Amino acid sequence: MKDLSGMFNEFMEAKPLFSNRKALTISFDPDNIPHRDKEIELVGRMLAPALKGGKPSNLFVYGKTGTGKTMVCRHVARELQRIAGDKINIRVIYVNCKMKQADTEYRLLAFLINSLGGSVPFTGLPTDKLYQDFFALIDKVDQTIILILDEIDSLIKKNGDEVLYILTRQNQEFKKAKLSMIGITNDLGFINKLDPRVRSSLGEEELIFPPYNAMQLQDILRERSKIGFENESVEQGVIEKCAAYAAQEHGDARRALDLLRVAGELAERTGVKQVETLHVDKAQEKIDEDRVIEIVKSQPRQSQLILFSIFNCSGTQRDLRQKTAYVQTADIINTYQGLCKHYRMKPLTQRRVSDLIAEYDLFGIITTKVISKGRYGRTRTVELNLDEDIKQKVEVALREIFN
DNA sequence: GTCAATTCACATGAAAGAGACCACGGTCTAGTG
DNA sequence: CTAGACCGTGGTCTCTTTCATGTGAATTGACGA
(Lines give C-alpha, C1' and ligand atoms only; values in the text may rest on other atoms or scores of the structure.)
Protein backbone atom coordinates (compact mmCIF):
# COMPACT_ATOMS: atom_id res chain seq x y z
CA MET A 1 0.00 0.00 0.00
CA LYS A 2 2.85 2.29 0.83
CA ASP A 3 4.12 1.98 -2.70
CA LEU A 4 0.80 2.89 -4.16
CA SER A 5 0.29 6.01 -2.09
CA GLY A 6 3.85 6.97 -2.86
CA MET A 7 3.13 6.56 -6.49
CA PHE A 8 -0.01 8.67 -6.29
CA ASN A 9 1.81 11.38 -4.42
CA GLU A 10 4.54 11.39 -6.96
CA PHE A 11 1.96 11.62 -9.67
CA MET A 12 0.22 14.54 -8.01
CA GLU A 13 3.43 16.41 -7.45
CA ALA A 14 4.84 15.87 -10.89
CA LYS A 15 4.37 18.83 -13.10
CA PRO A 16 1.98 17.87 -15.89
CA LEU A 17 3.45 17.86 -19.36
CA PHE A 18 0.21 18.47 -21.16
CA SER A 19 -1.74 21.64 -20.91
CA ASN A 20 -4.31 20.61 -23.45
CA ARG A 21 -4.03 17.05 -24.60
CA LYS A 22 -6.89 17.48 -27.02
CA ALA A 23 -4.87 19.86 -29.16
CA LEU A 24 -2.73 16.90 -30.14
CA THR A 25 -5.55 14.83 -31.54
CA ILE A 26 -6.98 14.93 -35.02
CA SER A 27 -10.42 15.88 -33.83
CA PHE A 28 -9.09 19.20 -32.57
CA ASP A 29 -9.92 22.17 -34.76
CA PRO A 30 -7.11 24.70 -34.64
CA ASP A 31 -7.68 28.33 -35.58
CA ASN A 32 -4.54 28.39 -37.57
CA ILE A 33 -3.99 25.82 -40.29
CA PRO A 34 -0.45 26.03 -41.64
CA HIS A 35 0.38 25.22 -45.27
CA ARG A 36 -3.18 24.89 -46.42
CA ASP A 37 -3.97 28.48 -47.37
CA LYS A 38 -4.45 27.68 -51.01
CA GLU A 39 -6.81 24.81 -50.33
CA ILE A 40 -8.81 26.82 -47.85
CA GLU A 41 -9.24 29.56 -50.37
CA LEU A 42 -10.31 27.19 -53.12
CA VAL A 43 -12.86 25.42 -51.00
CA GLY A 44 -14.06 28.80 -49.80
CA ARG A 45 -14.60 30.05 -53.32
CA MET A 46 -16.49 26.99 -54.20
CA LEU A 47 -18.89 27.34 -51.32
CA ALA A 48 -19.22 31.11 -51.50
CA PRO A 49 -22.24 31.15 -53.86
CA ALA A 50 -24.25 29.82 -50.95
CA LEU A 51 -23.98 33.23 -49.33
CA LYS A 52 -25.85 34.78 -52.21
CA GLY A 53 -28.48 32.10 -52.21
CA GLY A 54 -26.97 30.18 -55.11
CA LYS A 55 -26.16 26.53 -55.20
CA PRO A 56 -22.50 25.77 -54.62
CA SER A 57 -20.90 23.29 -56.97
CA ASN A 58 -20.43 19.78 -55.83
CA LEU A 59 -16.85 19.17 -54.90
CA PHE A 60 -14.59 16.20 -54.79
CA VAL A 61 -11.61 16.26 -52.48
CA TYR A 62 -8.74 13.79 -52.77
CA GLY A 63 -5.70 13.30 -50.66
CA LYS A 64 -4.02 10.68 -48.55
CA THR A 65 -4.79 10.25 -44.88
CA GLY A 66 -3.57 13.05 -42.69
CA THR A 67 -3.31 15.71 -45.36
CA GLY A 68 -5.90 17.94 -43.76
CA LYS A 69 -8.82 17.31 -46.11
CA THR A 70 -11.40 16.85 -43.44
CA MET A 71 -10.07 19.66 -41.32
CA VAL A 72 -10.05 22.17 -44.15
CA CYS A 73 -13.53 21.30 -45.33
CA ARG A 74 -15.02 21.49 -41.88
CA HIS A 75 -13.16 24.67 -41.14
CA VAL A 76 -14.37 26.42 -44.26
CA ALA A 77 -17.90 25.20 -43.83
CA ARG A 78 -17.98 26.46 -40.27
CA GLU A 79 -16.67 29.86 -41.28
CA LEU A 80 -19.28 29.99 -43.99
CA GLN A 81 -22.00 29.29 -41.51
CA ARG A 82 -20.62 31.89 -39.15
CA ILE A 83 -20.61 34.58 -41.81
CA ALA A 84 -24.04 33.61 -43.05
CA GLY A 85 -25.28 34.02 -39.50
CA ASP A 86 -29.05 34.19 -39.15
CA LYS A 87 -29.63 35.99 -42.40
CA ILE A 88 -28.97 33.15 -44.77
CA ASN A 89 -30.03 29.67 -43.99
CA ILE A 90 -27.04 27.44 -44.53
CA ARG A 91 -26.72 24.08 -42.91
CA VAL A 92 -23.68 21.92 -42.94
CA ILE A 93 -23.92 18.24 -42.25
CA TYR A 94 -20.71 16.34 -41.80
CA VAL A 95 -20.86 12.58 -42.10
CA ASN A 96 -18.04 10.14 -41.89
CA CYS A 97 -19.25 7.25 -44.00
CA LYS A 98 -16.94 4.86 -42.23
CA MET A 99 -18.70 5.37 -38.96
CA LYS A 100 -20.98 2.58 -37.89
CA GLN A 101 -23.92 4.98 -37.90
CA ALA A 102 -23.57 5.84 -41.55
CA ASP A 103 -21.93 3.00 -43.41
CA THR A 104 -24.94 1.81 -45.36
CA GLU A 105 -27.48 3.53 -47.52
CA TYR A 106 -30.15 3.21 -44.88
CA ARG A 107 -28.00 4.29 -41.98
CA LEU A 108 -26.61 7.25 -43.86
CA LEU A 109 -30.10 8.53 -44.57
CA ALA A 110 -31.21 7.89 -41.02
CA PHE A 111 -28.21 9.80 -39.78
CA LEU A 112 -28.94 12.72 -42.09
CA ILE A 113 -32.57 12.88 -41.10
CA ASN A 114 -31.72 12.75 -37.44
CA SER A 115 -29.15 15.48 -37.73
CA LEU A 116 -31.72 17.66 -39.48
CA GLY A 117 -33.96 17.30 -36.47
CA GLY A 118 -36.21 14.60 -37.82
CA SER A 119 -36.43 11.25 -36.18
CA VAL A 120 -36.39 7.82 -37.72
CA PRO A 121 -35.74 4.46 -36.19
CA PHE A 122 -32.31 3.06 -36.98
CA THR A 123 -33.78 0.02 -38.66
CA GLY A 124 -37.05 -1.43 -39.82
CA LEU A 125 -38.24 1.00 -42.46
CA PRO A 126 -38.04 0.64 -46.23
CA THR A 127 -35.25 2.72 -47.71
CA ASP A 128 -37.35 4.67 -50.16
CA LYS A 129 -39.48 5.88 -47.29
CA LEU A 130 -36.33 7.37 -45.83
CA TYR A 131 -35.51 9.12 -49.09
CA GLN A 132 -38.99 10.63 -49.12
CA ASP A 133 -38.69 11.76 -45.52
CA PHE A 134 -35.25 13.19 -46.07
CA PHE A 135 -36.14 15.20 -49.16
CA ALA A 136 -39.37 16.43 -47.64
CA LEU A 137 -37.48 17.53 -44.57
CA ILE A 138 -34.96 19.48 -46.62
CA ASP A 139 -37.45 21.09 -48.92
CA LYS A 140 -39.64 22.29 -46.08
CA VAL A 141 -37.53 25.41 -45.67
CA ASP A 142 -35.66 27.72 -47.97
CA GLN A 143 -32.13 26.65 -47.24
CA THR A 144 -28.81 25.51 -48.59
CA ILE A 145 -27.56 22.22 -47.29
CA ILE A 146 -23.90 21.40 -47.60
CA LEU A 147 -23.34 17.74 -47.16
CA ILE A 148 -19.81 16.67 -46.38
CA LEU A 149 -19.37 12.97 -47.02
CA ASP A 150 -16.06 11.90 -45.59
CA GLU A 151 -14.49 8.59 -46.64
CA ILE A 152 -17.12 8.36 -49.30
CA ASP A 153 -15.28 5.51 -50.99
CA SER A 154 -16.11 3.06 -48.24
CA LEU A 155 -19.78 3.83 -48.66
CA ILE A 156 -19.67 3.25 -52.39
CA LYS A 157 -17.63 0.11 -52.09
CA LYS A 158 -20.24 -1.41 -49.83
CA ASN A 159 -23.44 -0.10 -51.30
CA GLY A 160 -22.82 0.97 -54.86
CA ASP A 161 -23.16 4.49 -56.18
CA GLU A 162 -26.93 4.54 -56.34
CA VAL A 163 -27.14 6.67 -53.21
CA LEU A 164 -25.05 9.38 -54.78
CA TYR A 165 -27.04 9.22 -57.96
CA ILE A 166 -30.30 9.76 -56.16
CA LEU A 167 -28.89 12.51 -54.01
CA THR A 168 -27.41 14.45 -56.90
CA ARG A 169 -30.46 14.04 -59.06
CA GLN A 170 -32.84 15.20 -56.43
CA ASN A 171 -31.69 18.79 -56.69
CA GLN A 172 -33.92 19.39 -59.67
CA GLU A 173 -36.94 18.32 -57.69
CA PHE A 174 -36.48 20.75 -54.86
CA LYS A 175 -38.69 23.78 -54.78
CA LYS A 176 -36.98 25.75 -52.06
CA ALA A 177 -33.88 24.01 -50.87
CA LYS A 178 -30.52 23.41 -52.46
CA LEU A 179 -28.27 20.51 -51.74
CA SER A 180 -24.61 20.42 -52.54
CA MET A 181 -22.13 17.79 -51.63
CA ILE A 182 -18.50 17.57 -50.80
CA GLY A 183 -17.08 14.10 -51.19
CA ILE A 184 -13.84 13.36 -49.42
CA THR A 185 -11.77 10.33 -50.24
CA ASN A 186 -8.22 9.11 -50.02
CA ASP A 187 -8.64 6.75 -52.92
CA LEU A 188 -7.32 8.57 -55.94
CA GLY A 189 -8.79 6.15 -58.43
CA PHE A 190 -12.16 6.39 -56.81
CA ILE A 191 -13.89 8.64 -59.29
CA ASN A 192 -13.20 6.29 -62.16
CA LYS A 193 -15.14 3.58 -60.45
CA LEU A 194 -18.27 5.68 -60.39
CA ASP A 195 -21.16 5.59 -62.77
CA PRO A 196 -20.49 8.27 -65.41
CA ARG A 197 -23.73 10.07 -64.58
CA VAL A 198 -22.75 10.39 -60.97
CA ARG A 199 -19.22 11.31 -61.89
CA SER A 200 -20.19 14.27 -63.97
CA SER A 201 -22.63 15.71 -61.49
CA LEU A 202 -20.66 15.04 -58.36
CA GLY A 203 -17.24 15.85 -59.71
CA GLU A 204 -18.10 19.33 -60.88
CA GLU A 205 -15.03 20.56 -59.10
CA GLU A 206 -12.05 18.61 -57.88
CA LEU A 207 -9.32 19.36 -55.45
CA ILE A 208 -6.25 17.39 -54.57
CA PHE A 209 -4.46 17.74 -51.26
CA PRO A 210 -0.74 17.06 -51.56
CA PRO A 211 1.01 15.33 -48.68
CA TYR A 212 2.99 17.42 -46.20
CA ASN A 213 6.72 17.28 -46.25
CA ALA A 214 8.83 16.97 -43.12
CA MET A 215 9.33 20.72 -42.71
CA GLN A 216 5.62 21.42 -42.99
CA LEU A 217 4.87 18.70 -40.50
CA GLN A 218 7.27 20.34 -38.10
CA ASP A 219 5.39 23.62 -38.39
CA ILE A 220 2.14 21.87 -37.69
CA LEU A 221 3.53 20.06 -34.70
CA ARG A 222 5.06 23.23 -33.27
CA GLU A 223 1.79 25.02 -33.65
CA ARG A 224 -0.08 22.27 -31.85
CA SER A 225 2.49 21.65 -29.18
CA LYS A 226 2.31 25.31 -28.22
CA ILE A 227 -1.31 24.70 -27.30
CA GLY A 228 -1.03 21.12 -26.18
CA PHE A 229 2.11 21.05 -24.04
CA GLU A 230 3.30 23.10 -21.11
CA ASN A 231 6.24 25.34 -21.86
CA GLU A 232 9.58 23.63 -22.18
CA SER A 233 8.19 20.17 -21.78
CA VAL A 234 9.32 19.01 -25.18
CA GLU A 235 12.99 18.35 -25.69
CA GLN A 236 14.85 19.64 -28.72
CA GLY A 237 14.62 17.25 -31.61
CA VAL A 238 11.43 15.53 -30.57
CA ILE A 239 9.26 17.42 -32.98
CA GLU A 240 11.77 16.93 -35.74
CA LYS A 241 11.80 13.24 -35.12
CA CYS A 242 8.03 12.90 -35.11
CA ALA A 243 7.87 14.87 -38.34
CA ALA A 244 10.54 12.73 -39.93
CA TYR A 245 8.82 9.47 -39.02
CA ALA A 246 5.47 10.73 -40.27
CA ALA A 247 6.97 12.10 -43.46
CA GLN A 248 8.17 8.61 -44.25
CA GLU A 249 4.58 7.52 -44.14
CA HIS A 250 3.46 9.73 -46.99
CA GLY A 251 3.38 12.91 -44.93
CA ASP A 252 0.63 11.88 -42.62
CA ALA A 253 -0.08 14.65 -40.12
CA ARG A 254 -2.37 12.40 -38.16
CA ARG A 255 0.48 10.02 -37.60
CA ALA A 256 2.76 12.86 -36.59
CA LEU A 257 0.29 14.09 -34.02
CA ASP A 258 -0.33 10.61 -32.69
CA LEU A 259 3.40 10.12 -32.30
CA LEU A 260 3.84 13.35 -30.42
CA ARG A 261 0.88 12.77 -28.16
CA VAL A 262 1.71 9.16 -27.34
CA ALA A 263 5.32 10.14 -26.74
CA GLY A 264 4.04 12.74 -24.32
CA GLU A 265 1.83 10.22 -22.58
CA LEU A 266 4.70 7.79 -22.24
CA ALA A 267 6.94 10.49 -20.85
CA GLU A 268 4.32 11.58 -18.39
CA ARG A 269 3.82 8.05 -17.22
CA THR A 270 7.49 7.56 -16.51
CA GLY A 271 7.48 10.80 -14.57
CA VAL A 272 10.18 12.68 -16.42
CA LYS A 273 10.02 16.41 -16.91
CA GLN A 274 10.48 16.46 -20.64
CA VAL A 275 9.42 14.46 -23.64
CA GLU A 276 12.61 12.99 -25.04
CA THR A 277 13.40 11.56 -28.43
CA LEU A 278 13.50 8.04 -27.08
CA HIS A 279 9.86 8.40 -26.19
CA VAL A 280 9.13 8.97 -29.83
CA ASP A 281 10.66 5.64 -30.71
CA LYS A 282 8.65 3.96 -28.01
CA ALA A 283 5.54 5.74 -29.21
CA GLN A 284 6.12 4.51 -32.73
CA GLU A 285 6.21 0.96 -31.46
CA LYS A 286 3.25 1.37 -29.16
CA ILE A 287 1.00 2.85 -31.81
CA ASP A 288 1.61 -0.09 -34.13
CA GLU A 289 1.16 -2.57 -31.36
CA ASP A 290 -2.08 -1.05 -30.10
CA ARG A 291 -3.50 -0.93 -33.56
CA VAL A 292 -2.75 -4.56 -34.30
CA ILE A 293 -3.98 -5.84 -30.95
CA GLU A 294 -7.10 -3.74 -31.31
CA ILE A 295 -7.85 -5.22 -34.73
CA VAL A 296 -7.23 -8.76 -33.57
CA LYS A 297 -9.43 -8.41 -30.52
CA SER A 298 -12.30 -6.82 -32.40
CA GLN A 299 -12.42 -9.56 -35.01
CA PRO A 300 -15.21 -12.14 -34.86
CA ARG A 301 -14.32 -15.49 -33.42
CA GLN A 302 -14.01 -17.40 -36.67
CA SER A 303 -11.73 -14.77 -38.04
CA GLN A 304 -9.56 -14.90 -34.94
CA LEU A 305 -9.33 -18.64 -35.28
CA ILE A 306 -8.07 -18.22 -38.81
CA LEU A 307 -5.38 -15.84 -37.66
CA PHE A 308 -4.51 -18.32 -34.96
CA SER A 309 -4.19 -20.96 -37.66
CA ILE A 310 -1.83 -18.75 -39.57
CA PHE A 311 0.28 -18.41 -36.45
CA ASN A 312 0.26 -22.15 -35.91
CA CYS A 313 0.93 -22.99 -39.49
CA SER A 314 4.50 -23.92 -40.20
CA GLY A 315 4.09 -24.25 -43.91
CA THR A 316 5.48 -26.92 -46.09
CA GLN A 317 8.32 -26.84 -48.44
CA ARG A 318 6.79 -28.46 -51.44
CA ASP A 319 9.01 -27.06 -54.11
CA LEU A 320 12.61 -28.07 -53.79
CA ARG A 321 13.89 -25.14 -55.76
CA GLN A 322 12.13 -22.82 -53.35
CA LYS A 323 14.55 -22.36 -50.48
CA THR A 324 12.16 -21.07 -47.87
CA ALA A 325 9.02 -22.83 -46.83
CA TYR A 326 5.93 -20.80 -47.31
CA VAL A 327 2.44 -20.94 -45.98
CA GLN A 328 -0.34 -21.18 -48.50
CA THR A 329 -4.10 -21.28 -48.36
CA ALA A 330 -4.34 -25.05 -48.22
CA ASP A 331 -2.03 -25.21 -45.18
CA ILE A 332 -4.05 -22.63 -43.35
CA ILE A 333 -7.28 -24.38 -44.12
CA ASN A 334 -5.88 -27.69 -42.90
CA THR A 335 -4.67 -26.21 -39.66
CA TYR A 336 -7.88 -24.27 -39.32
CA GLN A 337 -10.04 -27.34 -39.73
CA GLY A 338 -7.97 -29.14 -37.15
CA LEU A 339 -8.43 -26.29 -34.72
CA CYS A 340 -12.13 -26.19 -35.44
CA LYS A 341 -12.45 -29.80 -34.44
CA HIS A 342 -10.46 -29.11 -31.32
CA TYR A 343 -12.57 -26.18 -30.25
CA ARG A 344 -15.82 -27.77 -31.46
CA MET A 345 -16.54 -25.06 -33.94
CA LYS A 346 -18.17 -25.50 -37.29
CA PRO A 347 -15.56 -24.80 -39.95
CA LEU A 348 -16.29 -22.22 -42.60
CA THR A 349 -16.07 -23.01 -46.26
CA GLN A 350 -12.90 -22.44 -48.19
CA ARG A 351 -14.49 -19.54 -50.00
CA ARG A 352 -15.09 -17.70 -46.78
CA VAL A 353 -11.70 -18.47 -45.28
CA SER A 354 -10.11 -17.11 -48.40
CA ASP A 355 -11.92 -13.82 -47.92
CA LEU A 356 -11.00 -13.61 -44.27
CA ILE A 357 -7.35 -14.16 -45.07
CA ALA A 358 -7.53 -11.40 -47.65
CA GLU A 359 -9.02 -9.17 -44.99
CA TYR A 360 -5.99 -9.56 -42.74
CA ASP A 361 -3.87 -8.57 -45.68
CA LEU A 362 -5.88 -5.39 -45.95
CA PHE A 363 -5.23 -4.66 -42.29
CA GLY A 364 -1.55 -5.06 -42.95
CA ILE A 365 -1.12 -7.84 -40.43
CA ILE A 366 -0.09 -10.33 -43.06
CA THR A 367 1.29 -9.98 -46.53
CA THR A 368 -0.21 -12.18 -49.17
CA LYS A 369 0.68 -12.75 -52.73
CA VAL A 370 -1.20 -14.72 -55.30
CA ILE A 371 1.20 -16.88 -57.22
CA SER A 372 0.69 -19.39 -59.91
CA LYS A 373 2.69 -22.56 -59.73
CA GLY A 374 1.85 -23.61 -63.21
CA ARG A 375 0.69 -27.12 -63.39
CA TYR A 376 0.43 -27.18 -59.62
CA GLY A 377 -2.23 -24.59 -59.52
CA ARG A 378 -2.63 -21.15 -58.14
CA THR A 379 -2.54 -20.16 -54.55
CA ARG A 380 -1.96 -17.34 -52.17
CA THR A 381 1.20 -17.26 -50.12
CA VAL A 382 0.88 -15.81 -46.68
CA GLU A 383 3.50 -14.23 -44.52
CA LEU A 384 3.15 -12.54 -41.16
CA ASN A 385 3.97 -8.90 -41.40
CA LEU A 386 4.72 -8.11 -37.76
CA ASP A 387 7.76 -7.25 -35.73
CA GLU A 388 8.93 -10.03 -33.48
CA ASP A 389 7.70 -8.50 -30.21
CA ILE A 390 4.36 -7.45 -31.60
CA LYS A 391 4.01 -10.91 -33.01
CA GLN A 392 4.55 -12.41 -29.59
CA LYS A 393 2.00 -10.13 -28.00
CA VAL A 394 -0.58 -11.00 -30.62
CA GLU A 395 0.11 -14.66 -30.08
CA VAL A 396 -0.37 -14.25 -26.35
CA ALA A 397 -3.63 -12.42 -26.96
CA LEU A 398 -4.83 -15.19 -29.26
CA ARG A 399 -3.89 -17.89 -26.78
CA GLU A 400 -5.84 -16.08 -24.13
CA ILE A 401 -8.87 -16.10 -26.37
CA PHE A 402 -8.57 -19.78 -27.21
CA ASN A 403 -7.07 -21.33 -24.11
C1' DG B 1 13.75 -26.90 -79.72
C1' DT B 2 9.24 -24.40 -80.30
C1' DC B 3 4.61 -23.45 -79.54
C1' DA B 4 -0.09 -23.97 -78.39
C1' DA B 5 -3.14 -26.63 -75.51
C1' DT B 6 -3.95 -28.52 -71.14
C1' DT B 7 -4.26 -28.58 -66.33
C1' DC B 8 -4.11 -27.63 -61.51
C1' DA B 9 -5.56 -25.38 -57.26
C1' DC B 10 -7.14 -22.14 -55.99
C1' DA B 11 -8.82 -16.86 -56.61
C1' DT B 12 -12.63 -14.10 -57.47
C1' DG B 13 -17.67 -12.82 -58.44
C1' DA B 14 -22.49 -12.97 -57.93
C1' DA B 15 -26.42 -14.31 -55.83
C1' DA B 16 -29.01 -15.95 -52.42
C1' DG B 17 -29.97 -17.83 -47.57
C1' DA B 18 -29.99 -17.72 -42.43
C1' DG B 19 -30.70 -15.44 -38.47
C1' DA B 20 -30.54 -11.28 -35.70
C1' DC B 21 -32.54 -6.98 -35.10
C1' DC B 22 -36.30 -3.66 -35.55
C1' DA B 23 -40.91 -0.85 -36.68
C1' DC B 24 -45.55 -0.90 -37.49
C1' DG B 25 -50.33 -2.08 -37.20
C1' DG B 26 -53.79 -5.14 -35.61
C1' DT B 27 -55.66 -8.02 -31.99
C1' DC B 28 -56.13 -9.61 -27.33
C1' DT B 29 -56.24 -9.01 -22.38
C1' DA B 30 -56.52 -7.23 -17.95
C1' DG B 31 -57.22 -3.35 -15.16
C1' DT B 32 -59.84 0.90 -14.27
C1' DG B 33 -63.76 3.93 -13.62
C1' DC C 1 -62.68 2.20 -22.22
C1' DT C 2 -57.79 2.04 -22.51
C1' DA C 3 -52.92 0.94 -21.83
C1' DG C 4 -49.95 -2.53 -22.52
C1' DA C 5 -48.77 -7.35 -24.13
C1' DC C 6 -48.39 -10.05 -28.00
C1' DC C 7 -48.43 -11.42 -32.60
C1' DG C 8 -47.47 -11.35 -37.88
C1' DT C 9 -45.54 -8.91 -41.62
C1' DG C 10 -42.14 -6.57 -43.82
C1' DG C 11 -37.86 -4.26 -43.74
C1' DT C 12 -32.30 -3.95 -43.07
C1' DC C 13 -27.74 -5.91 -41.94
C1' DT C 14 -24.07 -9.13 -41.32
C1' DC C 15 -22.09 -13.36 -42.04
C1' DT C 16 -22.06 -17.23 -44.70
C1' DT C 17 -22.88 -20.78 -48.38
C1' DT C 18 -23.55 -22.16 -53.11
C1' DC C 19 -22.65 -22.02 -57.70
C1' DA C 20 -20.02 -20.24 -61.45
C1' DT C 21 -16.31 -18.38 -63.71
C1' DG C 22 -11.46 -16.76 -64.07
C1' DT C 23 -6.44 -17.28 -64.13
C1' DG C 24 -1.14 -17.77 -64.73
C1' DA C 25 2.49 -20.56 -65.64
C1' DA C 26 4.48 -25.47 -65.44
C1' DT C 27 3.74 -29.37 -68.07
C1' DT C 28 2.51 -31.94 -72.05
C1' DG C 29 2.51 -33.38 -76.54
C1' DA C 30 2.42 -32.39 -81.45
C1' DC C 31 5.18 -30.60 -84.85
C1' DG C 32 8.98 -29.27 -87.64
C1' DA C 33 14.01 -28.53 -88.12
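Just so it is clear: chains get the letters A, B, ... in the order the sequence lines come, proteins before strands, and each one is counted from 1. The model shown is predicted, which means the values in this text are computed figures rather than measured ones.
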Every protein N/O within reach of nucleotides 15-19 of chain C N/O, cut-off under 3.5 Å:
from	atom 1	to	atom 2	distance (Å)
C:dT16	OP2	A:R352	NE	3.3
C:dT16	OP2	A:R352	NH2	3.3
C:dT17	OP2	A:T349	N	3.0
C:dT17	OP2	A:T349	OG1	2.9

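- Residue pairs meeting the salt bridge (charged side-chain N to carboxylate O under 4.0 Å, His left out) criterion with at least one member in residues 380-393 of chain A, sequence neighbours excluded, are A:E289-A:K393.
- A:I371 has its CD1 atom 12 Å from the C1' atom of C:dA26, to the nearest Å.
- Residues passing the salt bridge (charged side-chain N to carboxylate O under 4.0 Å, His left out) test with A:K129, sequence neighbours excluded: A:D133.
- At the phosphate of B:dA9, neither OP1 nor OP2 sits under 4.0 Å from any side-chain N or O atom of A:T379.
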Identify all pairs in which a protein N or O lies below 3.5 Å from an N or O of nucleotides 21-25 of chain C, and state each distance.
from	atom 1	to	atom 2	distance (Å)
C:dT23	O2	A:R378	NE	2.9
C:dG24	N2	A:S372	OG	3.3
C:dG24	N2	A:G374	O	2.9
C:dG24	N3	A:S372	OG	2.7
C:dA25	O4'	A:S372	OG	3.4

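- The distance between the ring centers of A:F174 and A:F135 falls below 6.0 angstrom.
- With rounding to whole Å, A:E105 atom CD is found 16 Å from C:dT14 atom C1'.
- Listed by chain and residue number, A:F308, A:Y343 satisfy the ring-ring contact (aromatic ring centres under 6.0 Å, His included) test with A:F402 (two or more places apart in sequence, or in another chain).
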Would you be so kind as to tabulate the donor-acceptor pairs closer than 3.5 Å made by side chains of residues 22-30 of chain A, with sequence neighbours excluded?
from	atom 1	to	atom 2	distance (Å)
A:T25	OG1	A:K22	O	2.7
A:T25	OG1	A:S27	OG	3.3
A:D29	OD2	A:R78	NH1	3.4

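- Rounded to whole Å, the distance from CD1 on A:I333 to C1' on B:dC10 is 9 Å.
- For A:Q132, the side-chain contact (heavy atoms from CB on, under 4.5 Å) test picks out no residue, with sequence neighbours left out.
- For the helix from B:dG1-C:dC31 to B:dG31-C:dC1, the terminal axes (five pairs an end, C1' atoms, rotation from four pairs onto the next four) enclose an angle of 20°, given to 10 degrees.
- In this structure, the NZ atom of A:K369 is 19 Å from the C1' atom of B:dT12, given to the nearest Å.
- A side-chain contact (heavy atoms from CB on, under 4.5 Å) with A:C97 holds for exactly one of A:V163, A:L149, A:T104, A:D153; it is A:L149.
- Atoms CD (A:E359) and C1' (B:dT12) sit 15 Å apart, rounded to a whole Å.
- For A:Y212, there are no ring-ring contact (aromatic ring centres under 6.0 Å, His included) partners two or more places apart in sequence or in a different chain.
- A:T329 has no side-chain polar atom (N or O) that falls below the 4.0 Å cut-off from OP1 or OP2 of B:dC10.
- Residue pairs meeting the salt bridge (charged side-chain N to carboxylate O under 4.0 Å, His left out) criterion with at least one member in residues 138-152 of chain A, sequence neighbours excluded: A:K98-A:E151.
- Residues passing the ring-ring contact (aromatic ring centres under 6.0 Å, His included) test with A:F111: none are found, sequence neighbours excluded.
- With sequence neighbours left out, the ring-ring contact (aromatic ring centres under 6.0 Å, His included) criterion links A:F363 to no other residue.
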